[in-house]
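Have a look at the structure below before the remarks.
Below, chains carry the letters A, B, ... as their sequence lines are ordered, and counting in each starts from 1. As a basis for the values below, the full set of heavy atoms in this structure was taken, side chains included, without hydrogen atoms, waters or symmetry mates.
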Amino acid sequence: MISGRVLDPSFFARPADSVAPDLIGKILWREGVGGGRLVEVEAYLPEGDPACHAHRGMTPRNRAMFGAPGTVYVYLSYGLHVLLNLVCEPEGVAAAVLVRAVEPLGDVSMLLANRGLGPREVRAVTTGPGRVGQAFGLDLTWNHAVLGTESGLVVLDDGWAPRVEVTGRIGVGSGGDLALRYILPGSTYLSRPPRRGAPLA
DNA sequence: TAAACGATTAGCT
DNA sequence: GCTAATCGTTTAT
């Protein structure tokens with residue numbers, strides 16, 4: 001059984017690079033589906049971040065990023081992958097945290113089924129942003145949804161506050177070198193394993 | 001209206 | 001390591 005305090009919107013009402021490290025170790029949970037520990041996220045900032053979708057102002061796609069803290073911003077990547085973002089900052093400020101990898105907890109059968117995987121393939125079920133979206137059964141209708149018991153998608157805090165490591169973001173061009181990717185060091189559920197020779201500490 | 005482009009993944013060499 | 005798959009959004013004619 002999974003338990004913890006449900007994070008309320010105020011948790012997200014601050015800069016994304018402040019929210020992101022605090023999310024590592026929290027539990028992303030979808031009622032009736034399952035969930036797991038957040039082990040890898042990336043922050044996207046409203047100012048000075050060319051990789052942020054809202055970098056050039058509001059468009060129909062990125063409108064959710066300007067929404068209230070705790071809003072869900074979902075978009076289609078490469079025409080086939082659903083990527084999940086959690087909106088930060090007060091309404092009107094475009095910032096979000098991209099969920100890139102999760103370590104499954106509890107009953108993983110639903111997550112596996114959504115991904116079309118067998119019971120021995122747990123490590124591939126939520127290790128990557130596109131995989132997370134598919135495993136959690138998300139689609140574009142989730143855009144503009146709000147985290148909480150009403151939508152069924154919540155972030156839980158069970159009191160664990162692990163040490164967090166910061167690295168450069170993955171897969172983005174301009175602005176990718178910014179140190180805005182936050183990971184749980186040593187986790188075997190990262191979207192990319194640590195580079196060989198990278199500091200282990 | 002047309003064309004280019006991804007905050008990726010799976011499968012093959 | 002390399003590339004096809006695949007389509008909504010954005011930007012350029």
Side-chain angles (χ1 to χ4, degrees), chain A residues 12 15-21 23-24 28 36 38-67 71-89 93-104 111-118 120-145 147 153 165-184 187-197:
Chain A
F12 298 93
D17 56 346
S18 168
V19 173
L23 281 173
I24 298 298
L28 180 67
L38 292 160
V39 297
E40 178 180 343
V41 301
E42 282 178 359
Y44 287 84
L45 307 178
E47 301 291 338
D49 183 0
C52 180
H53 282 174
H55 177 53
R56 305 192 195 192
M58 189 186 293
T59 68
R61 175 179 68 165
N62 66 30
R63 189 164 58 84
M65 283 188 90
F66 293 80
T71 295
V72 171
Y73 169 44
V74 161
Y75 78 97
L76 200 59
S77 175
Y78 290 91
L80 50 150
H81 303 297
V82 175
L83 271 58
L84 169 65
N85 297 259
L86 309 178
V87 174
C88 299
E89 298 266 22
V93 181
V97 172
L98 167 69
V99 177
R100 289 192 54 89
V102 161
E103 174 173 349
L111 299 175
L112 286 169
N114 286 341
R115 291 265 299 123
L117 299 177
R120 289 187 302 262
E121 301 171 283
V122 176
R123 219 212 63 86
V125 75
T126 49
T127 50
R131 292 170 168 183
V132 169
Q134 186 181 29
F136 278 76
L138 304 178
D139 56 43
L140 293 182
T141 66
W142 275 85
N143 197 26
H144 297 291
L147 289 180
L153 186 66
E165 200 165 293
V166 187
T167 76
R169 292 182 295 192
I170 293 178
V172 298
S174 181
D177 50 332
L178 296 175
L180 292 171
R181 172 176 177 249
Y182 301 85
I183 63 173
L184 179 66
S187 171
T188 55
Y189 288 89
L190 300 176
S191 68
R192 306 254 185 98
R195 252 184 49 202
R196 280 213 330 153

Is there a side-chain contact between [X] and [Y] (heavy atoms, below 4.5 Å)?
X: A:Arg181; Y: A:Ser191; result: yes
X: A:Glu42; Y: A:Pro129; result: no
X: A:Val97; Y: A:Cys88; result: yes
X: A:Leu28; Y: A:Phe136; result: yes
X: A:Val87; Y: A:Phe12; result: no

A:Leu111 CG to A:Arg131 CZ distance, which is reported to the nearest 0.5 Å: 13.5 Å
Straight-line distance of A:Thr127 OG1 to A:Glu40 CD, nearest 0.5 Å: 9.0 Å
What's the [atom1]-[atom2] distance between [X] and [N], to the nearest Å?
X: A:Arg181; N: B:dT8; atom1: CZ; atom2: P; answer: 11 Å
X: A:His81; N: C:dT9; atom1: NE2; atom2: C1'; answer: 17 Å
X: A:Arg61; N: B:dG6; atom1: CZ; atom2: C1'; answer: 8 Å
X: A:His55; N: B:dA7; atom1: NE2; atom2: C1'; answer: 15 Å
X: A:Tyr44; N: B:dG6; atom1: OH; atom2: P; answer: 13 Å
X: A:Leu80; N: B:dT8; atom1: CG; atom2: P; answer: 11 Å
X: A:Arg192; N: B:dA7; atom1: CZ; atom2: C1'; answer: 11 Å
X: A:Asn85; N: B:dA7; atom1: CG; atom2: P; answer: 11 Å

Counting only side-chain heavy atoms from C-beta out, which of [options] sits nearest to [X]?
X: A:Leu76; options: C:dC7, B:dG6, B:dA7; value: C:dC7
X: A:Leu98; options: B:dT8, C:dC7, B:dA7; value: B:dA7
X: A:Leu83; options: B:dG6, B:dA10, B:dA7; value: B:dA7
X: A:Pro129; options: B:dA7, C:dT6, B:dT9; value: B:dT9

Bracket string, DNA chain B, 5' to 3' - pairs by Watson-Crick or G-U geometry under 3.5 Å, | interstrand: ||||||.|||||.
5' precedence on DNA chain C between A:Ser77 and A:Arg56 (nearest-nucleotide basis): A:Ser77
Does a side-chain N or O from [X] land closer than 4.0 Å to OP1 or OP2 of [N], or not?
X: A:Arg100; N: B:dT8; result: yes
X: A:Arg131; N: B:dA10; result: yes
X: A:His53; N: B:dA7; result: yes

Donor-acceptor contact present, side-chain A:Arg61 to main-chain A:Tyr75, <3.5 Å: no
A:Arg100 (side chain) donor-acceptor with A:Ile183 (main chain) under 3.5 angstrom: no
Trace of the side chain to side chain contact (heavy atoms under 4.5 Å, CB included) decision for A:Val19 with A:Tyr182: CA-CA 10 Å; A:Val19 173; A:Tyr182 301 85; over 6 Å; no
Per-pair stack call A:Tyr75 and C:dG8, 5.5 Å, 30°: no
Sugar-phosphate, base or nothing in reach of A:Arg63, heavy atoms under 4.0 Å: nothing
Contacting residues from residues 168-176 of chain A, given that a heavy atom lies under 4.0 angstrom of DNA chain B: A:Gly171, A:Val172
